[in-house]
Each structure stands twice: as C-alpha cells, then as structure tokens.
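Per chain, numbering begins at 1; letters A, B, ... match sequence-line order. Predicted model, so just to flag it, every value in this text is computed and none were measured.
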There are 2 protein chains.
Amino acid sequence: MRKIPPSTRRSGCPLNASVEMVGDRWSLLIVRDIMLGGASTYAEFLNGHERIATNILADRLRKLMKDGIIRAVPDPTDGRKRLYRLTGRGIDLAPVLTEMVLWAAGHEATGNRALTQQMRDKKKFLTGIRKRWQA
Amino acid sequence: MRKIPPSTRRSGCPLNASVEMVGDRWSLLIVRDIMLGGASTYAEFLNGHERIATNILADRLRKLMKDGIIRAVPDPTDGRKRLYRLTGRGIDLAPVLTEMVLWAAGHEATGNRALTQQMRDKKKFLTGIRKRWQA
DNA sequence: CAGGATCCGTTTCGATACTG
DNA sequence: CAGTATCGAAACGGATCCTG
C-alpha cells in the first residue's frame with residue numbers, strides 16, 4: 001500500500017454528518033427540487049419526483065428543518081400555504097449536488113445536458129444559485 | 001417565486017443515478033476508507049468505521065463493484081486475500097467526498113482540522129488523490 | 001383544499017451465528 | 001479470512017383519514 005500522510009487518516013472525518021443527509025434516498029432530492037426546480041410547497045414536492053409517499057415527505061421535511069437545511073415560512077400571498085425555503089446551510093449544499101451530478105453525468109452521458117453544461121462552470125453556477133435563493 | 005431558467009428544471013437530472021449508487025449510509029464510507037484511509041481488504045473495512053455488519057459490507061462491496069466504482073484484485077503478496085481498489089470512476093468520486101466534508105466542516109467546526117484544511121485547496125488535494133490511486 | 005397523521009402490508013436493514 | 005443464513009427491527013409505500 002502506498003504511503004498516506006497521517007493527517008488524512010480517517011479519524012474524526014466529518015463525512016459522517018453529511019452521509020446522514022445523502023445517505024437517504026429522498027432528502028437530497030428534496031433539496032434539489034428546491035434548488036434547481038424552484039419547488040417550495042408540499043404539493044410541488046409530491047408531484048415532483050417519482051411519487052414520494054406523503055408520510056415520508058412529511059418526515060423528511062421535518063428532518064430537514066431540524067437539521068437547519070430548510071425552513072418553512074407562511075406564503076405571503078396565500079395564508080393556507082407554507083413555503084419551504086433553503087437556509088444558508090441548505091444553499092451551501094449546492095457544491096455537493098453539483099459534484100454528484102457531474103460525477104454521474106461524466107460517466108453516463110445521459111440526463112440533462114443543458115444542466116450539466118451549466119454546472120461545468122462551477123463558480124458561475126454556484127454564484128447563480130446563491131443569488132437566486134439568498135435570504 | 002423567482003424565475004428559473006428552464007434548462008435547470010428537474011427533468012432527467014442525473015442526480016438520481018448518483019443517489020442510487022451512493023445514496024446509502026455505507027457506500028460512501030467504504031469509498032472514503034479506500035481513498036483517504038488506504039483500506040483495501042474486507043477485514044480493514046470491518047474494523048474501519050463504526051461496525052458495519054458483515055452481510056451489509058459484503059452486499060455493498062458487491063454493489064460498488066457492479067456499479068464500477070471499485071474492483072477486486074488478488075493480493076500479489078498473499079494469494080488468499082483480495083484487495084479492493086478504486087476504479088477510475090471511483091477516484092472521480094473524490095470531488096463529491098471533498099464537498100461533503102467541507103460542507104459538514106463548514107457548519108460544525110468539529111472533526112479533522114488537518115484534513116479539511118488540506119481539502120480547502122481543492123485542486124491540489126484532488127490531484128494528490130488521483131496520483132496516489134491511479135491504475 | 002393544503003398539509004399532514006395513522007394504519008398496515010411489504011421491503012430492506014442489521015446483529016448475530018454460522019460456514020467453506 | 002471472507003463471506004452466507006437467519007431472523008427481528010426499522011423503513012418504505014399506499015390508502016385513507018384528520019384538521020384548520
């Protein structure tokens with residue numbers, strides 16, 4: 001085995017925290033739907049991807065809020081609705097999403113060509129995301 | 001809601017593909033153990049992180065091989081052993097891991113300071129990873 | 001009607017024991 | 001050492017019901 005600098009050994013690697021987010025089939029897809037799809041209501045998430053069950057959706061929204069990744073605000077134009085918005089921490093997930101998309105795209109040549117093309121200019125893409133969803 | 005360029009809408013987003021391959025609690029941790037920890041045998045994975053069950057480990061190794069992220073080669077110095085190595089595709093997961101670590105580190109101030117410090121110079125860090133694990 | 005809770009059958013996970 | 005078998009626990013999914 002090759003030599004590994006000791007500082008890169010596994011101890012206390014903060015990956016575990018993010019694996020809890022990514023290590024779930026739905027959480028990241030919900031974040032994506034907000035960040036890229038502009039979804040923000042319960043109904044939009046439900047119709048968004050391939051049929052998430054209502055109880056699972058409610059559960060993930062709760063967990064994402066508990067983790068400070070999204071927050072719910074009352075819709076100013078329609079009191080009955082709540083809008084789920086990304087927090088700063090949620091917006092900061094953009095690079096992770098980007099790299100996952102680029103990874104899959106780079107090896108499959110399938111999927112949304114325009115989106116991956118945009119993402120390839122990472123700096124510009126991320127700046128755009130931040131500007132769109134800030135505060 | 002703000003205007004979203006149509007090309008960024010969700011249709012055919014390759015995120016699904018990556019979520020299917022690494023969207024579970026263990027797969028990415030195994031990749032990490034190879035990439036950062038230099039682990040390469042079944043036993044090393046078992047002792048590596050917080051106690052993965054043997055059947056789960058076997059299952060994830062099988063799936064990671066099926067997905068072309070790792071491959072098993074016979075240990076040249078010990079015929080009984082198999083060494084699990086990253087494929088090119090597996091090495092390409094480094095940016096995803098990096099962003100996940102940076103995200104968690106940026107919001108928790110905990111964990112391996114030296115590692116995240118190294119990762120912050122992304123280009124250099126990724127080049128190092130590639131050089132170490134190539135072919 | 002939007003957002004969510006509850007019930008229930010099915011699938012997946014994971015700890016332990018065991019095997020080639 | 002590198003896995004498989006077993007079996008209970010947890011997560012999932014669908015349908016339905018509840019609440020403001």
Query raised in the report: Starting at CG of A/Asp78 and ending at P of C/dA2, how long is that distance when rounded to a whole Å?
Result: 9 Å
Query raised in the report: Roughly how many Å is it from CG in A/Leu57 to P in C/dG4, rounded to a whole number?
Result: 8 Å
Query - Degree of bending in the helix from C/dC1-D/dG20 to C/dG20-D/dC1 once both end axes are built from five pairs, to 10° - result: 30°
**Report entry** Atom pair CG (B/Leu97) and CZ (B/Arg32), whose distance is rounded to the nearest 0.5 Å
**Finding:** 8.0 Å
Report task. Look up atom CZ in A/Arg130 and atom CZ in A/Arg132, then write down how far apart they are to the nearest 0.5 Å. Result -> 12.5 Å
Report task. Check whether any side-chain heavy atom of A/Thr54 lies under 4.5 Å from a side-chain heavy atom of A/Tyr42, and answer yes or no. Result -> yes
Query raised in the report: Does A/Met100 offer a backbone N or O that forms a donor-acceptor pair with the side chain of B/Ser18 under 3.5 Å?
Result: yes
Requested in this report: List the atom of A/Ile52, the atom of A/Leu46, and the distance in Å for their closest heavy-atom pair.
Outcome: O-CD2, 3.3 Å
Requested in this report: Please answer whether the main-chain N or O of B/Gly68 pairs with a side-chain N or O of B/Thr87 as donor and acceptor at a distance below 3.5 Å.
Outcome: yes
Report summary line: Note: chain B reaches DNA chain D at heavy-atom distances under 4.0 Å over the stretch, first to last nt, 5' to 3', of D/dA2 to D/dT6
Report task. For nucleotides 6-20 of chain C, just jot down a letter per nucleotide in 5' to 3' order: B, S or -, based on protein non-hydrogen atoms under 4.0 Å. Result -> BB-----SBBBB---
Requested in this report: Could you tell me whether A/Lys63 and A/Asp24 make a salt bridge, using a distance below 4.0 angstrom between a side-chain N and a carboxylate O?
Outcome: no
Requested in this report: Output yes when A/Arg89 and A/Asp92 qualify as a salt bridge under the 4.0 Å nitrogen-oxygen rule, no when they do not.
Outcome: no
Query raised in the report: Are side-chain heavy atoms of B/Tyr84 and B/Ile30 found at a separation under 4.5 Å?
Result: no
**Report entry** Distance-minimising heavy-atom pair for B/Gly90 and B/Met35
**Finding:** O-CE, 4.2 Å
